[in-house]
**Student:** 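Handing you a structure now.
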Amino acid sequence: MEENLLKTCLYDRHVALEARMSPFAGYDMPIQYTSIIEEHNAVRNGAGMFDVSHMGEIFVSGTDAEKFVNYVFSNDIGGMPDGKVLYGMLLNPQGGVVDDLLVYKEFEPDHYLLVVNAANIAKDFGWLLTNAEGFDVKVRNESDRWGQIALQGPKSEEYLTGVLHLDDAASLSFYSYMEMSWKGQRLIVSRTGYTGEDGFEFYAAEDIICDLWDVLARAGVTPCGLGCRDTLRFEAGLPLYGHELADDISPLEAGLGVFVKLDKDNFIGKDAVVALKEEGLSRKIVGIELDANAVARAGYEVEAGGEEAGIVTTGYHSITLDKSICMAMLRKPFTELGTRVDVRIRKKSFPGTVCRKRFYATHYRK
Amino acid sequence: MSKTVAGLRYSESHEWVGIDGNIATIGITDYAQHALGNLSYVDMPETDDEVTKGEEFGAVESVKAASDLYSPVSGKVVEINTELEDAPERLNVDPYANWIIKVEMSDPSELEDLMDEAAYIAFCEKEK
């Protein structure tokens with residue numbers, strides 16, 4: 001057994017549900033409760049809930065908060081309204097990605113919440129502190145004090161209002177949030193997620209998160225593990241840090257250029273992104289649809305006409321689409337849609353066709 | 001409790017072997033299909049390929065991972081179950097009715113290293 005694994009506040013519930021547990025980002029996390037396919041379909045067709053308490057919550061406040069966040073964040077938070085949420089990245093000076101994250105504009109002037117990947121909490125916190133020099137800001141890592149649940153799927157709003165009675169949050173538009181309360185304690189509710197479906201994410205102290213989980217479980221919401229979290233985000237073409245994003249991958253290569261605002265003032269990584277844009281990309285992440293049902297896994301090699309073309313970053317036999325697809329980092333010119341490529345799977349070559357990486361049409365609401 | 005079938009031989013990597021003369025029919029056990037979860041693809045060798053006892057001869061793909069299949073005996077592949085190409089889920093439904101390959105054994109004495117049903121049941125208990 002792995003030593004020193006961290007446990008989220010919902011750990012005992014996962015064990016009681018006999019979830020298959022596995023180490024992830026230093027935490028002992030549920031991979032599946034019953035089956036990845038059942039849980040995946042619950043989110044696509046009904047509602048599922050995920051324990052994502054391992055995610056990091058870093059708070060930034062102070063007179064220079066807006067200036068500082070805009071200096072480290074690729075998206076533009078200038079004049080961001082209270083209650084708005086923005087996706088973007090922390091870039092390094094080479095234009096690679098330190099992490100991808102959400103920035104919440106809190107309902108107080110000069111206050112922001114940064115929600116970061118569990119695997120990168122220490123790295124991001126260190127990065128923010130290092131770069132905060134000269135800015136009048138306070139950066140607080142409160143990851144240990146916050147639990148988080150993601151309620152995802154087309155029926156999420158029904159559970160939000162009918163079961164949790166958080167009716168006000170039903171009016172939230174996608175990528176916005178509200179300050180609410182649960183049993184007299186602070187509860188953050190945002191209309192966000194990582195599945196390609198409508199849904200909400202709840203942030204609160206651990207006992208509140210446990211209570212919310214129990215209420216949703218009693219109402220019949222399907223507990224969902226990290227296994228289907230990955231198959232769901234993958235179908236929707238959403239990147240996972242460590243696969244489609246890394247310290248040496250540019251957001252342009254990952255197809256996330258829209259989240260890098262080159263028209264804003266100087267920010268870390270801007271020069272490198274501008275330079276790469278002028279020079280042109282030599283590689284890009286694309287989708288590949290295989291002819292056969294063999295599964296292209298991360299790290300498998302891709303060839304085109306006998307030439308090395310790139311490497312698979314994530315791949316599955318898609319549960320929703322019932323075909324084998326993958327995302328891959330390919331060299332140009334093999335990134336052209338319709339290019340025929342071969343994926344090396346174990347000892348054999350499996351032919352496939354380059355396609356768009358958003359395999360599944362997302363169903364966001366509002 | 002995983003199902004087993006009397007009269008078959010079993011490997012520690014959870015393949016079963018049915019014996020008919022010098023032909024070994026090979027599949028995966030109920031314990032294996034349960035541990036793997038829903039299967040989406042079976043990677044099989046071709047007819048006339050040589051397989052070696054203890055070495056990988058193919059793989060089964062579940063949602064999360066590919067798992068190698070290990071041959072319990074050595075010999076030549078004489079038949080593959082082509083039905084699995086389009087319907088890998090048959091291995092989940094009934095792993096004993098759906099074999100994967102048939103091998104003409106080059107050394108039938110290798111069968112002595114495999115477990116009988118009772119020994120395999122005990123082995124699975126310990127694996128838990």
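Numbers restart at 1 for each chain; the letters A, B, ... are given by sequence-line order, proteins then strands.
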**Student:** Quick one: closest heavy-atom pair of A:Arg20 and B:Ala35, and the distance?
**Tutor:** NH1-O, 3.2 Å
**Student:** To the nearest 0.5 Å, what is the distance between OH (B:Tyr41) and CD1 (A:Ile345)?
**Tutor:** 7.5 Å
**Student:** Could you grab the distance from atom OG of B:Ser40 to atom CD1 of A:Ile37, nearest 0.5 Å is fine?
**Tutor:** 7.5 Å
**Student:** Could you grab the distance from atom CG of A:Leu226 to atom NZ of B:Lys64, nearest 0.5 Å is fine?
**Tutor:** 8.0 Å
**Student:** May I ask you to test the A:Asn293-B:Pro88 pair for a side-chain heavy-atom distance under 4.5 Å?
**Tutor:** no
**Student:** Check whether A:Asp322 gets within reach of chain B through its side chain, its backbone, both or neither, counting any heavy atom under 4.5 Å.
**Tutor:** neither
**Student:** I'd like to know whether CZ of A:Arg356 has more than 12 heavy-atom contacts from other residues, nucleotides or ligands below 6.0 angstrom.
**Tutor:** no
**Student:** Going by heavy atoms in the side chains, are B:Asp43 and A:Lys347 under 4.5 Å from each other?
**Tutor:** no
**Student:** With distance as the sole test, does A:Arg297 use its side chain to make a donor-acceptor pair with the main-chain N or O of B:Ala65 at under 3.5 Å?
**Tutor:** yes
**Student:** Given heavy-atom pairs under 4.5 angstrom as the criterion, report whether the side chain, backbone, both or neither of B:Asp86 touches chain A.
**Tutor:** neither
**Student:** Is atom NZ of A:Lys155 surrounded by more than 12 heavy atoms (other residues, nucleotides or ligands) closer than 6.0 Å?
**Tutor:** no
**Student:** More than 12 heavy atoms of other residues, nucleotides or ligands under 6.0 Å from CD of A:Glu303: is that the case?
**Tutor:** yes
**Student:** Taking C-beta and beyond as the side chain, do A:His40 and B:Val63 meet within less than 4.5 Å on heavy atoms?
**Tutor:** no
**Student:** If you tally heavy-atom pairs under 4.5 Å against chain A, which of B:Asp68, B:Asn38, B:Val42 wins?
**Tutor:** B:Asn38
